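Each remark here refers to the structure printed beneath this line.
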Amino acid sequence: MVRKLIRGGYVVSMDARVGAGEFDVLIEEDRIAAVAHDLAADDAEVIDARGCIVLPGLVNAHMHTWQTALRGIASNWTLPQYFRSVHAGLATLFTPDDLYIGTLAGALNQLDCGTTTLGDWCHNNPTPEHTDRAVDGLVESGLRAVFLHGSPKPDPKPGQRHFSEIEHPRAEIERLLKSRFTSREALTTLGMAILGPHYSTYEVAVHDFLLAREHGLIASMHCAGLDAKTPDGWERLAAAGLLGPNTNVVHGNNLSNHQLRLMLDRGVTFSLAPETEMLQGHGHPITGRLRDAGHAPSLGVDLESAIAGDMFTVARVALASQRALDNAAARAENGQLPFTSTLTCEDALGWITVRGAEALGLADRIGSLTPGKQADVVVLRADTLGMRPLHDPVATVVMQGSAAHVDTVLVGGAYRKRHGRLLYPHLARRLDALEASGRRIAAGLNERLATH
Ligand SMILES: [Zn+2]
């Protein structure tokens with residue numbers, strides 16, 4: 001049996017029963033075997049974690065990884081500009097190999113940044129070949145991922161139906177389950193990235209919810225931004241008994257308190273992307289509204305075409321944006337600031353670990369350093385210029401964490417990054433391919449804009 005012992009680090013387990021402290025972590029094959037003081041395991045390979053913080057691998061619950069080659073292109077775009085230029089423009093120029101290289105590079109960057117599980121919300125699948133190449137990239141990266149299969153959103157050509165009227169393709173979900181996602185225990189599993197009532201007709205939403213339920217898949221959908229296609233869709237779906245823990249809603253800024261309550265009461269999970277929501281115009285993140293209802297969000301990068309890919313930044317922005325709202329609300333109410341912070345760094349670390357695991361339906365396998373769970377572990381170097389002294393390890397992780405501090409990343413007990421270096425062997429060549437892909441797609445859009 002392959003055994004690894006992470007020794008001498010400060011462990012933040014994110015499991016209340018295990019707690020936090022100077023523990024060792026014993027890994028047997030792909031699982032966490034024990035988290036305790038002074039573990040003895042003579043035959044184990046020792047990972048020296050003195051001066052380090054040991055934490056569960058981070059979970060990025062929502063990202064359109066296929067857009068990695070578009071980095072920076074959408075950073076100044078509003079949501080309407082993004083829809084027009086990305087979905088009706090750039091997306092249509094992607095070949096299957098563009099899907100592969102963008103997904104691979106984006107997934108590798110997640111590992112480099114300490115993310116071990118990704119909700120890859122892939123909605124640029126015009127052909128099965130595109131889908132297969134995206135899955136190839138994801139699998140090759142070694143990241144744990146739920147591949148959320150979605151449909152593209154081009155402008156309809158004459159005679160074509162608008163995307164909001166098109167049901168999720170059953171044949172493609174069934175093909176993927178038979179060919180690419182045959183085991184629920186595998187590192188990469190399938191989910192559905194559906195339109196949902198915000199972006200489709202009610203009939204399409206019902207079809208897609210039922211298809212996901214039939215196959216026991218997570219149904220994830222955006223809800224925010226432009227006007228809803230089916231404004232009363234959530235109430236109708238709740239009444240039809242179609243909302244549940246496998247329903248994942250992204251953003252949710254526009255939901256009423258009544259709708260939020262309906263959804264939370266049925267176990268619906270929420271994945272927020274505070275930075276893109278504030279930058280592009282979705283509205284204020286609903287982190288605090290979820291808290292007030294006794295819940296908490298998971299978080300995602302959403303768009304590397306607009307922002308950076310690391311989950312430390314995402315957690316920081318989520319925390320800061322909600323504290324700003326709470327502080328402003330308190331001042332408006334009684335002219336004073338709250339005496340204590342309304343949300344903590346511990347809350348924020350939960351959003352990018354255990355809550356992410358819940359949103360992706362993986363809470364029994366990942367999200368915390370709990371014996372029996374998969375050994376998805378991150379070791380952060382904390383004896384550095386940017387992190388010493390370590391007064392509060394959780395605060396240091398959330399507020400000072402970055403890819404530069406990520407020393408070691410394990411997924412299912414296997415190394416993906418070691419001594420600060422990603423172990424993927426062909427990185428330089430793949431980055432050249434990513435560059436070529438991004439340049440070609442951007443040039444294609446400029447050409448098209450020039451001729452219209
Ligand atoms: Zn999104």
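Since the structure is predicted, the reported quantities are computational estimates derived from the model, not experimental observations.
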Whether over 12 other heavy atoms sit under 6.0 Å from Glu22 CD: no

CZ (Arg388) with more than 12 external heavy atoms under 6.0 Å: no

Regarding [X] and [Y], does a basic nitrogen lie under 4.0 Å from an acidic carboxylate oxygen?
X: Glu28; Y: Lys4; result: no
X: Arg429; Y: Asp432; result: no
X: Asp208; Y: Arg213; result: no
X: Glu129; Y: Arg133; result: no
X: Asp136; Y: Arg180; result: yes
X: Arg175; Y: Asp132; result: yes
X: Lys417; Y: Asp112; result: yes
X: Arg440; Y: Asp98; result: yes
X: Asp43; Y: Arg3; result: yes
X: Glu174; Y: Arg170; result: yes

Residues that Arg430 engages under salt bridge (Lys or Arg N to Asp or Glu O under 4.0 Å), provided they are two or more places apart: Glu140

On a heavy-atom basis, which atom in [X] and which in [Y] lie closest, and how many Å separate them?
X: Asp24; Y: Gly8; value: OD1-N, 3.1 Å
X: Gly401; Y: Phe312; value: O-CB, 3.4 Å
X: Val206; Y: Leu237; value: CG2-CD2, 4.2 Å
X: Val54; Y: Val25; value: CG1-CG2, 4.3 Å
X: Ala306; Y: Thr276; value: CB-CG2, 4.5 Å
X: Asn253; Y: Ala224; value: OD1-CB, 3.3 Å

Step-by-step side-chain hydrogen bond (donor to acceptor under 3.5 Å, both in side chains) determination, Ser271 to Asn248: CA-CA 7 Å; Ser271 299; Asn248 173 250; 3.0 Å; yes

Would a distance-only check, ignoring hydrogens and angles, find a side-chain to backbone donor-acceptor pair under 3.5 Å from [X] to [Y]?
X: Asn60; Y: Val301; answer: yes
X: Thr182; Y: Lys178; answer: no
X: Thr287; Y: Leu319; answer: no
X: Asp265; Y: Leu262; answer: no
X: His168; Y: Ala212; answer: no
X: Asp30; Y: Gln374; answer: no
X: Ser200; Y: Gly196; answer: yes
X: Thr115; Y: Thr117; answer: no
X: Asn124; Y: Ala91; answer: yes
X: Arg365; Y: Glu185; answer: yes

How long is the gap from [atom1] on [X] to [atom2] on [Y], to the nearest 0.5 Å?
X: Leu434; Y: Leu70; atom1: CG; atom2: CG; answer: 9.0 Å
X: Ile307; Y: Ser75; atom1: CD1; atom2: OG; answer: 9.0 Å
X: Leu380; Y: Asp407; atom1: CG; atom2: CG; answer: 8.5 Å
X: Thr313; Y: Glu275; atom1: OG1; atom2: CD; answer: 7.0 Å
X: Leu279; Y: Trp77; atom1: CG; atom2: CH2; answer: 14.0 Å
X: Met311; Y: Met63; atom1: CE; atom2: CE; answer: 9.5 Å

Pair Arg144-Asp376, salt bridge (Lys or Arg N to Asp or Glu O under 4.0 Å): steps then yes or no: CA-CA 9 Å; Arg144 188 184 302 280; Asp376 291 7; 2.7 Å; yes

Please tell me whether [X] and [Y] form a close aromatic pair, meaning their ring centres lie under 6.0 Å apart.
X: Phe94; Y: His130; value: no
X: Phe209; Y: His207; value: no
X: His62; Y: His222; value: yes
X: His64; Y: His123; value: yes

Could you tell me whether the side chain of [Y] reaches within less than 4.5 Å of the side chain of [X], counting heavy atoms only?
X: Leu303; Y: Gln67; result: yes
X: Met263; Y: Phe270; result: yes
X: Thr247; Y: Arg266; result: no
X: His405; Y: Met387; result: yes
X: Ser220; Y: Trp121; result: yes
X: Leu422; Y: Leu108; result: yes
X: Thr188; Y: Phe181; result: yes
X: Trp234; Y: Val249; result: yes

Pair Phe23-His37, ring pair (Phe, Tyr, Trp, His ring centres under 6.0 Å): steps then yes or no: CA-CA 5 Å; Phe23 301 138; His37 291 290; 4.8 Å; yes

Modelled atom types, side-chain donor and acceptor of [X] and [Y], under 3.5 Å:
X: Arg418; Y: Thr408; answer: yes
X: Thr103; Y: Asp120; answer: no
X: Ser368; Y: Asp15; answer: no
X: His251; Y: His198; answer: no

Side chain to side chain contact (heavy atoms under 4.5 Å, CB included) assessment of Leu325 paired with Ser321: CA-CA 6 Å; Leu325 285 172; Ser321 63; 5.8 Å; no

Full working for side-chain hydrogen bond (donor to acceptor under 3.5 Å, both in side chains) between Asn125 and Thr131: CA-CA 5 Å; Asn125 294 295; Thr131 307; 2.9 Å; yes

Option among Leu148, Leu211, Val146, Leu176 that satisfies the side chain to side chain contact (heavy atoms under 4.5 Å, CB included) test with Met192: Leu211

